[in-house]
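Note on naming: letters A, B, ... go to the chains in the order of the sequence lines (proteins, then strands), and numbering restarts at 1 for each one.
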Amino acid sequence: MAQIEIRFPDGNTQTFESGTTPLEIAKGISNSLAKRSVAAKFNDVVISLVQPLQEDGVLQLLSFKDDEGKDVFWHSSAHLMAQAIKRVFPEAQLGIGPPIADGFYYDIDLDRAITPEDFETLEQEMAKIVEENHPTVRKVLSAKEALDFFKKNHEMLKVDLIEELAQNGETITVYEQGEFADLCRGPHVPSTGYLGKNFKLLSVAGAYWHGDEKNKMLQRIYATNYPDKKLLKQHLKRIEEAKKRDHRKLGRELDLFSIQDEIGSGLILWHPKGALMRHLIESYWKDEHLKNGYDLVSTPHVAKHHLWETSGHTGFYQENMFRPMTVDDVDYQLKPMNCPFHMMIYKSQIRSYRDLPIRFAELGTVYRYERSGVLHGLMRVRGFTQDDAHIYCHPDQLTDEIIGVLDLNSRMLAKFGFTEYDVYLSTRPDKFVGSQESWEHATEALRKALELKNMNYQVDPGEGVFYGPKIDIKIKDVLGRSWQCSTIQVDFNLPERFDLNFVDVDGQRHRPITIHRALLGSLERFFGILIEHYAGNFPFWLAPVQAIVLPIADRHFDYAAEVKQQLMQAGLRVNSDLRNEKVGFKIREAEVAKIPFMIIIGDKEVETQTLSIRHKGEGDLGVMKLKQLLEHIQAIQDKE
RNA sequence: GCUCACGUAGCUCAGCAGGUAGAGCACAUCCUUGGUAAGGAUGAGGUCACCGGUUCAAGCCCGGUCGUGAGCUCCA
């Protein structure tokens with residue numbers, strides 16, 4: 001028997017007989033390791049635990065904790081669900097069933113609508129299949145064999161896939177488990193028993209075959225599975241928690257904003273408390289920009305349609321624009337972008353290299369046509385305000401400018417409680433404007449800035465926009481969800497189209513580099529993210545009402561009014577509750593409204609000229625003088 | 001836009017072989033002046049999203065419109 005040499009991640013090597021499987025090796029190391037493992041990685045290829053190893057190489061055992069292990073576990077779980085579906089609904093045709101971020105789904109074609117009531121039946125069937133512990137068997141088929149097999153089983157979607165695969169000359173493999181066989185590249189867990197019973201079907205929704213709306217709509221069943229009951233519970237709890245934090249729900253409960261049929265889809269009404277928060281965010285934003293060398297500009301909501309022809313938006317952005325309106329026989333266009341206006345301000349005079357960099361910032365409200373089906377609360381709307389800015393600079397200044405933007409960005413995000421993010425650098429796509437050299441120069445500048453800032457980033461090759469490379473930053477909220485807010489894009493297109501230039505030392509006109517950037521993205525969307533991130537428990541500086549005075553009986557009203565007045569003089573946002581209600585009731589309402597400080601005033605307080613302080617979520621803080629309260633609050637503000 | 005589901009009082013929801021609406025909260029008035037998360041009584045409030053159809057009769061059935069929700073490749 002031939003021997004093979006296997007190296008492990010810790011650097012140790014060991015010799016095995018050729019044909020040994022990763023599972024056998026795992027068992028040799030420890031039973032618990034073998035139990036934990038769901039797949040293996042051999043020479044950087046993910047393989048099944050039962051695939052015999054025939055050559056020397058590096059072997060890593062994968063458990064559910066590894067991303068690749070998760071994928072295998074969930075992919076096998078998708079097969080498990082598919083098998084159950086076929087048992088319960090033999091006429092169902094299977095589409096695709098991949099692992100996704102938090103589980104997996106399977107697309108099926110079935111005349112009858114699957115409902116949540118069916119979930120239990122399917123889950124029971126899945127549990128049965130797990131108990132039956134069918135080994136998963138990989139088989140290589142020729143295209144013809146595969147086509148015959150799936151045609152015979154009336155799996156026309158699979159036939160569709162096979163035809164595609166055959167055209168690309170790929171090897172066609174099928175995985176069998178018991179009576180069930182599915183077209184699949186694999187690998188999978190060795191048997192259905194590995195999958196355990198901590199799975200749950202979550203939802204069902206329509207999805208087009210191949211994601212193309214010209215194709216048939218299938219039913220997509222989302223589900224998840226965990227090797228451990230605790231993990232499943234955690235996951236379900238996270239879903240619950242996300243529901244509780246839903247900004248649409250909190251937005252109504254806290255009276256922050258509304259969206260109304262009479263107004264129109266995707267158009268936001270900011271109520272007093274929401275508008276106040278928006279004002280706080282905007283003021284902070286403007287201050288920061290002024291402190292960092294930006295000039296504030298302000299531009300109209302409409303402009304002649306012609307402007308958008310110059311910018312090129314009528315070409316590549318038409319689909320997202322509202323239809324033009326005619327005024328005095330001239331077409332005007334509601335703005336989907338702020339850029340052309342900023343370009344025109346730049347162009348309003350001759351610029352010298354001495355003027356650069358020029359930074360125009362604007363909280364500019366834009367209107368974009370979004371398909372009705374994609375609108376979602378504050379997250380996806382038709383009218384929103386971008387925290388926009390355009391920086392015009394000399395090519396030599398590019399890196400420094402990007403660094404400036406990155407610095408400002410991380411400061412600003414931290415102010416709102418976001419300190420973790422994923423950074424992506426997108427490079428030149430196939431279709432692009434500008435010269436190859438300028439793309440290279442700009443991409444290098446972005447890269448250099450990221451590296452000088454010691455930021456970890458991932459390169460998305462070819463994912464840049466046609467007009468320039470970009471850096472995208474996705475922030476992570478407390479629930480670990482990612483939101484893309486900040487984007488920093490170099491633009492080679494608009495300076496060209498608007499013929500922007502500056503006079504350089506040589507007395508000649510040159511094209512400035514233009515950076516287009518947004519940090520919060522859209523105020524509406526960012527507000528939505530903030531609501532969910534804080535679950536409505538906003539930091540003190542953002543709380544629309546920071547304190548409420550709660551007198552116990554009406555004989556305390558005078559002192560209450562006095563206290564309120566003093567707190568307002570100190571710059572706090574204070575309300576009072578003078579209703580004819582018990583203090584317990586008033587406290588409850590203040591807690592529900594998530595007001596940070598409750599100031600209770602009764603006989604004792606009036607007599608000793610003190611305040612009883614209660615903090616939201618913390619309870620009674622005891623009695624203190626007004627001065628002490630202000631100091632306490634000052635300390636909180638200093639920390640923020 | 002498409003598929004499925006949903007649309008009943010300001011909010012959350014009940015309602016039924018099709019027989020012309022109900023609760024809690026919120027709101028108003030009154031009683032209660034109460035010490036750290038819901039005091040009590042009374043009352044007002046609905047063209048059951050909108051339009052059309054079937055029927056003696058429609059919140060409920062059918063069709064359309066509008067709106068909302070879950071989703072619409074993370075490629076076997």
Given Watson-Crick or G-U pairs with both distances under 3.5 Å, what dot-bracket string fits RNA chain B, with | for other-strand pairs and [ ] for crossing?
(((((((..((((.....[..)))).(((((.......))))).....(((((..]....))))))))))))....
Just to verify, what does E591(A) make a salt bridge (Lys or Arg N to Asp or Glu O under 4.0 Å) with, not counting sequence neighbours?
R614(A)
Under 3.5 Å, side-chain donor or acceptor atoms of residues 80-94 of chain A against the rest of the protein: list the pairs with distances, not counting sequence neighbours.
from: Q83(A); atom 1: OE1; to: Q177(A); atom 2: NE2; distance (Å): 2.8
from: Q83(A); atom 1: NE2; to: Q177(A); atom 2: O; distance (Å): 3.1
from: Q83(A); atom 1: NE2; to: E179(A); atom 2: OE1; distance (Å): 3.0
from: Q83(A); atom 1: NE2; to: E179(A); atom 2: OE2; distance (Å): 3.3
from: K86(A); atom 1: NZ; to: P90(A); atom 2: O; distance (Å): 3.3
from: K86(A); atom 1: NZ; to: A92(A); atom 2: O; distance (Å): 2.8
from: K86(A); atom 1: NZ; to: E155(A); atom 2: OE2; distance (Å): 2.9
from: R87(A); atom 1: NE; to: E179(A); atom 2: OE2; distance (Å): 2.8
from: R87(A); atom 1: NH1; to: E125(A); atom 2: OE2; distance (Å): 3.0
from: R87(A); atom 1: NH1; to: E132(A); atom 2: OE1; distance (Å): 3.4
from: R87(A); atom 1: NH1; to: E132(A); atom 2: OE2; distance (Å): 3.4
from: R87(A); atom 1: NH2; to: E132(A); atom 2: OE1; distance (Å): 2.8
from: R87(A); atom 1: NH2; to: E179(A); atom 2: OE1; distance (Å): 3.2
from: Q93(A); atom 1: OE1; to: M156(A); atom 2: N; distance (Å): 2.9

For residues E68(A) and L62(A), report the shortest heavy-atom separation together with the two atoms involved.
CB-CD1, 3.8 Å
Could you check whether H376(A) gets within reach of a base, just the sugar-phosphate, or nothing at all, counting any heavy atom under 4.0 Å?
sugar-phosphate
Between residues 142-155 of chain A and RNA chain B, which residues have a heavy-atom gap below 4.0 Å?
none
What residue pairs, at least two apart or across chains, pass salt bridge (charged side-chain N to carboxylate O under 4.0 Å, His left out) with a residue in residues 251-275 of chain A?
K249(A)-E253(A)
Using atom names, set out every protein N or O paired with an N or O of nucleotides 23-27 of chain B below 3.5 Å, distance rounded to 0.1 Å.
none

Hey, what are the protein-to-nucleotides 9-14 of chain B N/O distances that come in under 3.5 Å?
from: C11(B); atom 1: O3'; to: R252(A); atom 2: NE; distance (Å): 3.4
from: U12(B); atom 1: OP1; to: R252(A); atom 2: NH2; distance (Å): 2.9

Scan K604(A) against the nucleic acid and name what it touches under 4.0 Å (heavy atoms): base, sugar-phosphate only, or nothing.
base
For RNA chain B, determine which residues of residues 590-601 of chain A have any heavy atom closer than 4.0 angstrom to one of its atoms, and list them numerically.
E591(A), I600(A)
Heavy atoms within less than 4.0 Å of RNA chain B: which residues of residues 75-94 of chain A have one? Give them sorted by number.
none
Go through residues 612-619 of chain A and report each residue with a non-hydrogen atom lying under 4.0 Å from RNA chain B, sorted by number.
S612(A), R614(A)
Roughly, in whole Å, what's the span from NZ in K158(A) to P in C75(B)?
15 Å
Which residue pairs satisfy the ring pair (Phe, Tyr, Trp, His ring centres under 6.0 Å) criterion with at least one member in residues 159-178 of chain A, sequence neighbours excluded?
Y175(A)-H188(A)
Sorted by chain and residue number, the ring-ring contact (aromatic ring centres under 6.0 Å, His included) partners of W270(A) (sequence neighbours excluded) come out as F527(A)
Is A553(A) touching bases, backbone alone, or none of the nucleic acid, heavy atoms closer than 4.0 Å?
base
